Amino acid sequence: MNLAVFRRWESMLALVLVLEFVLFSALSPYFLDVDTLSDATFNFTERALVALPLALLIIAGEIDISVAGVIALASVAMGLAAGQGAGTATLAILGCGTGLAAGCINGLLVTVGRVPSIVATIGTMTLFRGAAYAVLGDRVLKNYPDSFALFGQGYLAGPVSIELALFVLLAVLYGMFLHGTRWGRAVFAIGANPVATRFSGIAVDRYRFALFALTGLASGLAAVLLTSRLGSTRPSIAQGWELEIISMVILGGVSVWGGKGSILGVVLAALVFGLITFGLGLMNIPGIVMSIFTGALLILVVAVPALVRRR
Amino acid sequence: MPAPLLTLTDVRKSFGGVRALAGVDLELHRGSITALLGENGAGKSTLVKILSGVHQPDAGTIHLDGAPARMPTPVTARDLGIGVVHQECLVFDHLSVAENLFINAHPARRGLVDWRTLQARASTVLRELGADFGPGTQVAALGIAQKHVVQVARALVNESRLLILDEPTASLSRRECAELFRIARQLRDRGCALLFITHRFEEIFELADRYAVFRDGASVGAGALAQASREELIRLMVGRPVEQLFPKQDSTPGEALLEVERLGRAGEFADVSFTLRRGEILGIYGLVGAGRSELAQVLFGTERPDAGRVRAQGDIALVPEDRQGQGSILPFSIAANIALPNLAALAPRGWIRAREENELARHWMQKLSIKAQEPAQPVHSLSGGNQQKVVLAKWLARKPGVLILDEPTKGIDVGAKAAVHAVTSEFAAAGHGVILISSELPEVIAMSDRVLVMRRGRLRGEFTRAAATSEALLRAASDA
Amino acid sequence: MTIAPYRRWSESARRDLNLALLTLALFVAVAARFPVFASPRNVAGLLDDTALLIMLALGQMLVILVRGIDLSMAANLALCGMLAALFNRAYPAAGVAPVLALTLVAGGLLGAFNGVLVWKLRLPPIVVTLGTLSIYRGAIYLLSRGAWVNENEMSRDFVGFTRAPFAGLSTLTWIALLCAVAAMFAMRHARIARNLYAAGGNPEAAAYSGIDPGRMQFIAYVVAGAIAGLAGYLWVSRFAVAYTDIALGFELQVIAACLIGGVVIAGGAGSALGVLLGCLFLGIIRNSLPLVGISAFWQMFINGVVIVVAVLLSARQRRHARSILEAR
């Protein structure tokens, strides 16, 4: 067996993606259809939008478990504003703004409060989701203006949804930022050795804060898209997404120890993930069973390189 | 002379394709302290790891007390009576001193720890050693020197016949060293064999009675210290006569580059004032823990001062004390490490161009003669000396006005040391300023135009080049 | 005011005492305003509500002590709870003893799966248990085909076991208190527990002393898993229902209780008493909400506030600067 294949993580993900295509098109006659595939993208775009900045955060050696809580909080904020008659643009700005503010809270806890990010975001995850429950209880908010449906249900051109277009655009931007610029280099450096990076004259905490804020902003954006697609807000919205989003990032080959990873990997992982969800759906396999695959995949992703190392 | 306690014959060890020990012989005797010398990479730490059961030799024999010995695990080594005082203080901070001595060997009945016996036995051992702390103290509250004493006490509890002191003095003050040496002699007088590893020659002649020298993984000499001179030992270590170690170029200090006024930071240092001039190398001597590194970090800007001010012309660069933890990013390439503080210059609009990055690295690799195949080689694959040159390069590339060097030659071999000194001297002669922080007296005296002495967070004296003698500096630096 | 011996106490003992005072103050404050809160019946109810949290938090403490984390505990609980319910449905006459044994073993095995991956492959605990969390939840669905097991499908002793009162407290409460007392004793006196502290505090030094830190992690995961498994049956028995989503998200409350109880997330420090107090603190808040007139929907938000404040305070405590500067 050629071990180099395993070392090049992206090529393995691409292979899995091809296998999925072959498998699902063999299993279902409806799979290889432009409209079907276009529908399939909704299975991952919102999550993947959050996975992109989260990948940067994990490469920088931090983690954010509160992303799904932020989505819930932002969705509730929008739902309440919609009830007061806010317009579509106001709602979108409010959703993103709430996400940004929540991200800033995480950033402050980690940089100023000096709390380890896993602990801090376990706390804020409970806090944000708890706030959503506290405000909403068992109510459902659905007084969204008709035009609000644009973000999550609209199409840019032909089968290309606005969500998909947004994801592609942001993926390219994140890729260029992380792999091409000095700021991206600093992100890798911080993950590999934060102390030495600080001793190289780089303001490490400023980066950390910015990455948390960015992840919050992306969660806010995801909340706008998801809420727009569903047309309603429950406090349990996006429940469990933090695990799926983190799985996506790790499946993309980002090292949980920090310092390593690529945007290409995360994008491929998002596709692999979306296709599995969709393919299983085609075969009428319920979502909870899907979680077995997700979990197993997540463990395999880290176990295979470990096994190769052990030999 | 009676038969040795431990005899190593032609012990070899390789890691991957790299030969760490190419056949070493060593004899350690009861009631004797043997100093083990060698440059970095000579195989000393590999030997320690073999003796303490972490690594297994590929070939060769080890005899303990005349019988062949094998140490497949650290526990077997311990049970055979081999104790180690690790440089990096392998102790348990959250636990009490007493428990540290008995960890995984607690006196116990049916799985339950017998605290009373444990406490009593720990007290006895600590009293024997004359330790200045009790068995109930939490280890986190102890200083580094006291943690070393905890490790020695642990060896005593395990009834060690052989104690390895692996560079224990690297971060101890003079007084703490003296205390450790007192305990080492006490163990020697009880018939224990000691192996003492250090880079400091004064200590070797002060403490040891025998020596063994490693070079490139092989033993090149051993014997009684009484018949050896310092020069001879250095020659054995380096394998060639020592050239000029400190090639200081003459320079005349010019205008002020850096003015520091009554600088202070709570709990760390206070009232520090001095001026650094163009072309000057200003030495700051003091014991480890005197507040020198803290001062350097405030000047550099990673920490903020609470009082006073700093006026500088040009950038201030800092080559920090811990080159692996603070100085460089080990998994990054040489090129990426050198580029890191220079990213703004390399990529003014944000985009990093690989070609320019590599060119910069090649330039400095050649200039500082960094031994590596290509700029893409990761820094962790380099020797300590070459790693330090990379750290130096990344800051010189930034063309700073002031360069602060914090223990720049700690633990690197003689050749790399000379190179670092040459570059430093050249940098100052070109009209820049250098602050050289060092605990090594010969280095400070030979390199500096002027020396400041720091003790317990305050400046305690200023010496011109002519007045800076070992005795004067030491007196100012020690608690009088 | 500082009492002399207080200053000589270890950091962890001092933290436990502070938390005990805080918990007591909270209890007294609520009871002063609503005397019914301190009634024996209410206190018994409070303990019964907090019992499962206490058990799980003690298990989680072991894992965090050795630098791990177990996010799969609640999923393990739910899976073993479903196993217990299905076993009881199939063999209603078998009684409680085999159910206890079954859940202990099954939970231990699920924990061992986590432990082996962390020990032998050195995989990051957070990733491993995130993965097994999904797998275990999915397995419940496969096992039950998505159906609920309701009280009418359970035997009477199966449901009655946790509720049987003894000296005013439920059996469930007694089990949890027994666990807490056993943990307090064992963490101080059992040699293996001391090795656990050592392995978490400094794995490298532990390895030199012949302690395999990976093996210690494995043991912690197995014990935590067995506790979660047992708690699975107790949970199903107490609430008399089993389905895929029971105790969903409970792992976070458990971790919260540990953090409030002073278990250091970096490993090596924490006490069973602290964890017990942390659980009681959360339990008092939860049980006083309806009295104070706050909707139960606020519970999670309040937990969030408590966690954030607790971690901020403990982060602040760790920042004690050593002094170099000599006073003149």
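Computation of the quantities below employed the complete heavy-atom set of this structure, encompassing side-chain atoms and omitting hydrogens, waters and symmetry-equivalent molecules. Remember, it's a predicted structure, so these values are computed and weren't measured experimentally. Chain letters run A, B, ... following the sequence lines, proteins first, then strands; residues in each count from 1.
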Can you measure from [atom1] ([X]) to [atom2] ([Y]) and round to the nearest 0.5 angstrom?
X        : Y        : atom1 : atom2 : value
A:Met125 : C:Ile307 : CE    : CD1   : 9.5 Å
C:Trp298 : A:Tyr133 : CH2   : OH    : 15.0 Å
C:Ile135 : A:Ile299 : CD1   : CD1   : 4.0 Å
A:Thr126 : C:Gln299 : OG1   : CD    : 11.0 Å
A:Ile292 : C:Arg137 : CD1   : CZ    : 12.5 Å
C:Leu252 : A:Glu242 : CG    : CD    : 7.5 Å

With a 4.5 angstrom heavy-atom cut-off, which part of [X] approaches chain A: side chain, backbone, both or neither?
X        : result
C:Leu133 : side chain
C:Ile126 : side chain
C:Leu130 : both

Note to self: For a quick test of reading the model, state the closest non-hydrogen atom pair linking C:Phe301 to A:Ala134 and the distance between them.
What the structure shows: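 Smallest interatomic distance, heavy atoms only, reads CB-CB, 4.2 Å.
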Margin query: Show the nearest heavy-atom pair for residues C:Pro124 and A:Val256, with the distance to one decimal.
Written below: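 Nearest pair, atom of C:Pro124 first, then A:Val256: CG-CG2, 3.1 Å.
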Residue [X] excluded, over 12 heavy atoms near [atom1] under 6.0 Å:
X        : atom1 : answer
A:Arg234 : CZ    : no
C:Arg286 : CZ    : yes
C:Phe239 : CZ    : yes

Check: Of the listed residues (C:Leu71, C:Val306, C:Thr132, C:Leu123), which shares the most heavy-atom pairs with chain A below a 4.5 Å separation?
Finding: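 Of the options given, most contacts go to C:Leu123.
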Margin query: Heavy-atom pairs under 4.5 Å with chain A - which of C:Val127, C:Asn303, C:Ile69 has more of them than the others?
Written below: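 The candidate making the most pairs under 4.5 Å is C:Val127.
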Next item on the list: Using a cut-off of under 4.5 Å on heavy-atom pairs, state which of A:Leu297, A:Ile118, A:Asp138, A:Val301 scores highest against chain C.
Entry: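 Between A:Leu297, A:Ile118, A:Asp138, A:Val301, the count favours A:Asp138.
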Check: Can you check whether C:Leu259 reaches A:Val115 side chain to side chain, under 4.5 Å on heavy atoms?
Finding: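 The answer is no; the side chains never approach within 4.5 Å.
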Counting only heavy atoms closer than 4.5 Å, note whether [X] contacts chain C via side chain, backbone, both or neither.
X        : answer
A:Pro235 : neither
A:Ile250 : side chain
A:Leu300 : neither
A:Val302 : both
A:Leu136 : neither

Notebook entry, point to check: Hey, which of C:Ile255, C:Val308, C:Val311 is the one that makes side chain to side chain contact (heavy atoms under 4.5 Å, CB included) with A:Val119?
Noted result: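 Option passing the side chain to side chain contact (heavy atoms under 4.5 Å, CB included) with A:Val119: C:Val311.
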